[in-house]
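Note that the structure is predicted; figures quoted are calculated from it, not measured. The basis for the numbers below is simple: all heavy atoms, side chains too, and nothing from hydrogens, waters or symmetry mates.
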Amino acid sequence: DKQQALEVAERIRASVEQHKFTFDQQLIRLTISLGVADCSGPTALTASELIKAADERLYQAKRAGRNRVVS
């Protein structure tokens, strides 16, 4: 369900933020933003519409300051 999807997305975001990535012996700090959408509303969504909704939420997360999950 939507709540579980949000929890998984947040765990992924936090894992990436905490991971110590290295390249050429240099530490690289990475963060990610994620958009979560669901199809539990009153109207059915196609796969394309669901992906579009998640993509819109991803851009909302980036505009809000990045390194976050938006649903």
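Remark: D24 engages no residue in a side chain to side chain contact (heavy atoms under 4.5 Å, CB included) (not counting sequence neighbours). Listed by chain and number, the residues in a salt bridge (charged side-chain N to carboxylate O under 4.0 Å, His left out) with E7 amount to none (sequence neighbours excluded). Applying the side chain to side chain contact (heavy atoms under 4.5 Å, CB included) test to A5 and every residue at least two apart in sequence or in another chain returns V36. For F23, the side chain to side chain contact (heavy atoms under 4.5 Å, CB included) partners are I28, not counting sequence neighbours.
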Under 3.5 Å, sequence neighbours excluded: what are the donor-acceptor pairs made by side chains of residues 49-59?
residue: E49; atom: OE1; partner: T46; partner atom: N; Å: 2.7
residue: E49; atom: OE1; partner: T46; partner atom: OG1; Å: 3.4
residue: R57; atom: NH1; partner: A53; partner atom: O; Å: 3.0

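Linking Ile, Leu, Val, Met, Phe, Trp and Tyr residues whenever their side-chain heavy atoms come within less than 4.5 Å leaves V16 and L27 in two separate clusters. If you chain together hydrophobic residues whose side chains sit under 4.5 Å apart, L34 and L6 fall into the same group.
In this structure, the side chains of I32 and I12 come closer than 4.5 Å at one or more pairs of heavy atoms.
For residues 12-23, the pairs satisfying salt bridge (charged side-chain N to carboxylate O under 4.0 Å, His left out) are E10-R13, R13-E17, with sequence neighbours left out. Applying the salt bridge (charged side-chain N to carboxylate O under 4.0 Å, His left out) test to pairs two or more places apart or on separate chains, none has a residue in residues 61-71. Sorted by first then second residue, the side chain to side chain donor-acceptor pair (under 3.5 Å) pairs that include residues 26-38, not counting sequence neighbours, are D38-S40.
The line from NZ of K2 to SG of C39 is 11.5 Å long, rounded to the nearest 0.5 Å.
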